[in-house]
Each structure stands twice: as structure tokens, then as C-alpha cells.
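Per chain, numbering begins at 1; letters A, B, ... match sequence-line order. What you see is a predicted model; the values in this text were computed from it and never measured.
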Amino acid sequence: MAGLSWQDSLKIIKQGTHEIIGEEDLIEKLKKADNGGLPLRVKLGLDPTAPDIHLGHTVALKKMREFQDLGHEAYLIIGDFTGRIGDPSQKSETRKQLTSEEVMENARTYQEQFGKILDPEKTHLVFNSEWFSKWAPEDFLTLASKYTVARMLERDDFEKRYREGKPISILEFFYPLLQGYDSIAIKADVELGGTDQKFNLLVGRQLQKEYGQTPQALVMTPLLEGTDGVQKMSKSLNNYIGINESPREIYGKTMSISDDLLESYITLTTDLSGEELDRVISELKNNKLNPLEAKKFLARRLVEIYHDRGAAQEAEQEFTRVFSRGSLPEDIPEKPIENEWLDEEGKINLVQLLSRLEMVSSNSEGRRLTKQGGVYIDGERAQDPNLVVKPKKGMIIRVGKRKFTRLQ
RNA sequence: GGAGGGAUGCCCGAGUGGCCAAAGGGAGCAGACUGUAAAUCUGCCGGCGCACGCCUACGAAGGUUCAAAUCCUUCUCCCUCCA
């Protein structure tokens, strides 16, 4: 795609972008690159603690890929320095401090995953400890002197917590500063990020001015809602679809999203071209396209992207078999029956069995599920929690819609 | 340094002596239905060989009481105001 005029580049960059700050700067930079200048250095910060890339991350990563295809260079910054310190104000979550081994391990995992989206030739993975660990205390003071509390409190999150009397540690003020400094360290021309990162990205821009650099342009991508449709996709809320997950998981989780989310998922997570996308969305809107079909299409497409076409077909067949027709899945996990849990007659209480097989997390849960009619033995509903069964080899126990176990 | 306020189950958030295993919402799970693990409706949502029983639980540790998430003491953490 190199060789495009800056106007064309800008058009591509703007596609699917929520907001661009410093568009004039971006245009200048693009022009310069166009006229035989160096490729732009595009920055994207990654969380060093959660190395699982999910669809939420891919929105910005896909934008990054577009930059690469336009001939620019990607700089993925891993905030290992700050990650090692940890954040005291989030103590309920006891954000754990990472050791350098863990950081390296996470980095490896990242590398493996972003290879599915980015062009490795044009990708630089950078750790911010590279520069920060060499800093002397005065360097931090200098950095701190460049920003004011009032400006810090402009950040929604800080402002809100301040107003509500919730704690904000001084260290938290450092995060945006350090993150902003990363832009200076790598001389970023552009920084990508979700709209929730707006404040942090702006700090980077402002700091660059303070340190005499041309400020980076900010390209903000929309946030992707999680599978619950309520909050943004995040690992800690367990409402995510990881790109490393199995075809079946990706397919199934995609099918579980609410119809209302279809449009944003199709727009933000697939690789449809402009016209194709418009067509699908408009068909969806005027009911020409059945939401079920659209969702299947989305699910298939995602599996194709992160696995391959064959896997997508298999996942779809499997899904249809298990959920649409209610038949058994293809491969059911097998678990052995231990003699010690059986009585003299070789029998065991059903709830006990579920618990032993680790299909339920407690006897109470097993009891509840049984009463609610969510437990099946060889396809037959067992609704009596006091039922005593004689487990046999090959017997299939099903709990709820998706948990199956075949006894060995 | 002084004065006052707060800490509740996965999350948010009610509850100021018994009727509280703790309202309500969200998330989660199950069932019905269906076009799907969508939507909607219903139910469940601390543990225990558990229908009214016991245990654990409302920041921590003690105490008052027949009885505490609710009262008292100490502690930890957080916030606000004053200095």
C-alpha cells in the first residue's frame, strides 16, 4: 500500500477511528514521510500484567496494522517498569508485582499473539524499563515538574474519585507521566489507543512539547463492549474473547453476544472492507439479514482470522450439533471413576458424583442444578438430588448446556 | 496535630439490636421458549449427605447482650474539614 498519497493514507487512518487529536500534525507528518522522509513511529502501549490479547485489544492492533501497511513502523511498549512497582490504590485487586522473568514470559506470549495481526518485520517490542531503570531520582522530579495537579485532575477517573472521596495515590499520577514519557523515549509520531486512554495519550503529547519534540498525533479507536454487553471487554471482568482461545470457544462466545452488539463487533473486529461492511450493516438494520445468520457469519469470520477456515467450519458444525440440535459434542472429556468413591454395591449419590468429577464447584451447587433440571445422565434428566447411581464406563453426564463428561 | 465520616456477599449498593445468609440492581448459572450460549419470562445465586438443622460471613481483634452487620473498646485502611 506504500506509494499512496498522504490524502489516501489519512482516509484509511480515519476509517473506524473514533477521534483524532492533532490531525494537522498528523497531516504534516504524513506529508513528510510521503516526501521520502522516514516512516512514522507509531506507538501502542500494552499492559504487562495480562498477556492474553483479546478482541478488545485487536481494535487498536488492527489500526496499527493499517499503519504498517502504509509503510510505517509499530512500537509496542510494554510498561514493565511501572508494572513492577504495582499500584497501591487498587489494593482490593492486589495487583501483583511482576518479576522480570514474568515480564519476559508475557512478552513472549505477546509476540506470539500479535503476529496474528501485525507485520513482524515492522514491529518493535520495547520495554519501558529500558530507560526508566536507568533514571536517577532527579529525572523523576524533572518529569513530575512538567505537570500540575489541576491538569491531572482533569482526567475523568481522577476527578470522579476525588469528588467521591475515593483514594488516589501519588503513584497513580505518575502513570500518565511515565507513559507519556515513553512517547518521548521512542520519539513517537503517532500514538494509538482506545478512547478510554485519551487522557494518558494527551499527557504524552503535552510532555513531548515540554521536551522539545513535535507532539504525537493521537488516533483513538472505539472501545469494544465485552460479551456481557455491559462493560468494556476486559480480562478481569471475564467478558472477553481471547484470540488464543480454541475455535470452539471463539465461536461459542461470539454466538453468546447479544444481538445489539452485532454491529459494533462486525465493525470493529472483522476485516471486512468498507463497502462490504456497509452492506452487511445496512442489511442487518433493515432486517434483510437475520441476526442469527449475521452472528454465525461473525463467529465464523473470527475463527478464520485467528485459526483457519477449516477450524471455522468445524466449530460451526459443532455448535449446531450441540446447541441447535441438542446432540452430543464431538469430543467429550473423559474422567475415570475411582473405586473409593463407590459403596459396596458400586453406587454413589448423584450430587457426590458431580462434585467428584469436578463438574460442579460444591455439593450445594450440584444439588441446585439437579433440582433445576440441569443434570442429565445419558441424555435423561435426573431431577432428584438424592438419586443414587451406579456409574458405568461410557456413561455420559451432562451438567447445564455445555459441560459434558464421559466416564471411563 | 485536631474534629468528623466510612469500610457490607463477584461488582455496585440498602440495611443502625432480634423478622438478616443479609433489600435492590448488574454479572453469573439453570429452566421454559426461541432464531443462537440472542431477546423475553421464571427460578437459583456461602458451605455442609441440606425441605424448618448446623457451620462460616458484613475491614481485624476483643467485649456488652438471651440475641450484633447493627452497641462499646482497640487496631488497620480510606475520605473530608481545620492546622
Classify the nucleic acid contact of [X] as base, sugar-phosphate or nothing, counting any heavy atom under 4.0 Å across all strands shown.
X	answer
A:S362	sugar-phosphate
A:K401	sugar-phosphate
A:G373	sugar-phosphate
A:D228	sugar-phosphate
A:I257	sugar-phosphate

**Request:** Before accepting this row, confirm whether a basic side-chain N of the pair A:K253/A:E245 lies closer than 4.0 Å to the acidic partner's carboxylate O.
**Result:**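 Counted as a salt bridge, because a side-chain N and a carboxylate O are separated by less than 4.0 Å.
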**Request:** Identify whether the distance between the nearest side-chain nitrogen and carboxylate oxygen of A:E73 and A:K122 falls below 4.0 Å.
**Result:**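 So A:E73 does not pair with A:K122 through a salt bridge.
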Short side-chain N/O contact from [X] to OP1 or OP2 of [N], under 4.0 Å:
X	N	answer
A:R402	B:C29	yes
A:S256	B:U36	no
A:R368	B:G46	no

Between [options], which one does the side chain of [X] approach most closely?
X	options	result
A:Y376	B:C29, B:G31, B:U36	B:G31
A:Q352	B:G49, B:A32, B:A38	B:G49
A:V230	B:A27, B:U36, B:C50	B:A27

**Prompt:** Going by the angle between their ring planes, with limits at 30° and 60°, are A:F132 and A:F81 parallel, tilted or perpendicular?
**Reply:**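 Geometry flag for A:F81 against A:F132: tilted rings.
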**Item:** Aromatic ring pairing A:F319/A:F323, orientation class (parallel under 30°, perpendicular over 60°, tilted between)
**Value:**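 Answer is tilted, since the angle falls between 30° and 60°.
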**Prompt:** Quick one: does A:Q68's side chain get under 4.5 Å of A:T123's, heavy atoms only?
**Reply:**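 In contact.
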**Message:** Measuring only between side-chain heavy atoms, which start at C-beta, is A:I377 closer than 4.5 Å to A:L350?
**Reply:**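 A:I377 vs A:L350: side chains touch.
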In whole angstroms, how far is the [atom2] atom of [N] from the [atom1] atom of [X]?
X	N	atom1	atom2	value
A:L284	B:A38	CG	P	17 Å
A:F323	B:U34	CZ	P	18 Å
A:K253	B:U36	NZ	C1'	17 Å
A:R367	B:C45	CZ	P	13 Å

Determine which nucleotide pairs with [N], using a 3.5 Å limit on both distances of a Watson-Crick or G-U wobble pair.
N	value
B:G9	none
B:A30	B:U42
B:A69	none
B:A14	none
B:C81	B:G2
B:U64	none
B:A57	none

In whole Å, measure the gap between the [atom1] atoms of [N] and [M] for me.
N	M	atom1	answer
B:U64	B:G2	C1'	30 Å
B:C19	B:A67	C1'	13 Å
B:C20	B:C41	P	27 Å
B:C75	B:A7	C1'	14 Å

**Prompt:** Would you say the side chain of A:Q372 and the base of B:G43 hold a donor-acceptor pair, judged only by whether the two atoms sit under 3.5 Å apart?
**Reply:**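 It does, because a donor-acceptor pair links the side chain of A:Q372 to the base of B:G43 below 3.5 Å.
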**Request:** Examine A:Y147 together with A:F173 and report whether their ring centres are nearer than 6.0 Å.
**Result:**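 No, the ring of A:Y147 stays outside the 6.0 Å limit from the ring of A:F173, centre to centre.
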